Amino acid sequence: GQNIDQPTEMTATEGAIVQINCTYQTSGFNGLFWYQQHAGEAPTFLSYNVLDGLEEKGRFSSFLSRSKGYSYLLLKELQMKDSASYLCAVANTGGFKTIFGAGTRLFVKA
Amino acid sequence: GAGVSQSPSNKVTEKGKDVELRCDPISGHTALYWYRQSLGQGLEFLIYFQGNSAPDKSGLPSDRFSAERTGGSVSTLTIQRTQQEDSAVYLCASSLIGGLAGVGGNEQFFGPGTRLTVL
């Protein structure tokens, strides 16, 4: 079967660092995406990993270990506007079908 | 256009009626995706188009659901004989290319969605 697991909710403090984990079991692998979705809005692209290692983009970093079926999204210097759902998604072999996790709702408090 | 657009933004219909949802992808994007998102849930993959062809229709929930794409651009998702469990937000996304690992351009850009309510 295909399964993507991520925590349902997390809470962190403004200015802090938070790590959102994602584990996956899918039929084939052609890259892992992280998307941000604010309440009532469409998801927006954050990062893409296809090789093992860390991809850094400003305050956001994403890590991938294909052998472990594991990824994390690291958010630094948290801001109130980072309060949103963070969706982990895996593209299967061929990259056509993208399977999304249920998302992690992050609450940033002052 | 500047982004992915979808219409209508909201649709309320009665059980048993047919509905048609439209998606206009970003100009030049060859890949187009349809997803469904129920309240508080993740995205459920429905179908994917590369150009006008749909290599993977495995996500369509039943034979009441169909989708087409013409001219490599606009796509319509049709739900026949709607049921209450079809109520959800239907999201469309497009990407410059699809299916190529490690190549920039396969990130998906989402439209605002169509909120479908079946009474």
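Side chains included, hydrogens not; waters and symmetry mates left out as well; all remaining heavy atoms used. A quick note: this is a predicted structure, and the numbers were derived from the prediction, not measured. All chains are named by letter (A, B, ...) in the order of the sequence lines, taking the proteins before the strands, and each is independently numbered beginning at 1.
With a threshold of 4.5 angstrom between heavy atoms, B:Phe49 does not approach chain A through any atom at all. For chain A, no part of B:Glu44 is nearby; none of its heavy atoms comes within less than 4.5 Å. At a 4.5 Å heavy-atom cutoff, the contact between B:Leu43 and chain A is made by backbone and side-chain atoms alike.
Contacts of A:Ser62 classified as side-chain hydrogen bond (donor to acceptor under 3.5 Å, both in side chains), with partners at least two apart in sequence or in another chain: A:Ser47, A:Asn49.
Looking at B:Tyr48 and A:Thr98, their side chains never come closer than 4.5 Å, going by heavy atoms from C-beta outward.
Hydrophobic clustering (ILVMFWY, side-chain heavy atoms < 4.5 Å, transitive): A:Tyr72 and A:Phe60 are in distinct clusters. When hydrophobic clusters are built by joining Ile, Leu, Val, Met, Phe, Trp and Tyr residues whose side-chain heavy atoms come closer than 4.5 Å, directly or via intermediates, B:Leu32 is not grouped with B:Val89.
Annotation for B:Gln83: atom CD counts as buried by contact number, over 12 foreign heavy atoms lying within 6.0 Å. By the neighbour-count criterion of 12 heavy atoms within 6.0 Å, atom CG of B:Leu119 is densely surrounded, having more than that number from other residues, nucleotides or ligands. Atom CD of B:Glu14 has 12 or fewer neighbouring heavy atoms from other residues, nucleotides or ligands inside a 6.0 Å radius.
Across B:Gln108 and A:Phe45, no two heavy atoms sit closer than the pair O-CB, 4.3 Å.
Options A:Gly40, A:Ala39, A:Ala42, A:Pro43 differ in how many heavy-atom pairs under 4.5 Å they form with chain B, and the most are formed by A:Pro43. Of the listed residues (A:Arg105, A:Gln37, A:Glu41), the greatest number of heavy-atom pairs within a distance under 4.5 Å of chain B belongs to A:Gln37.
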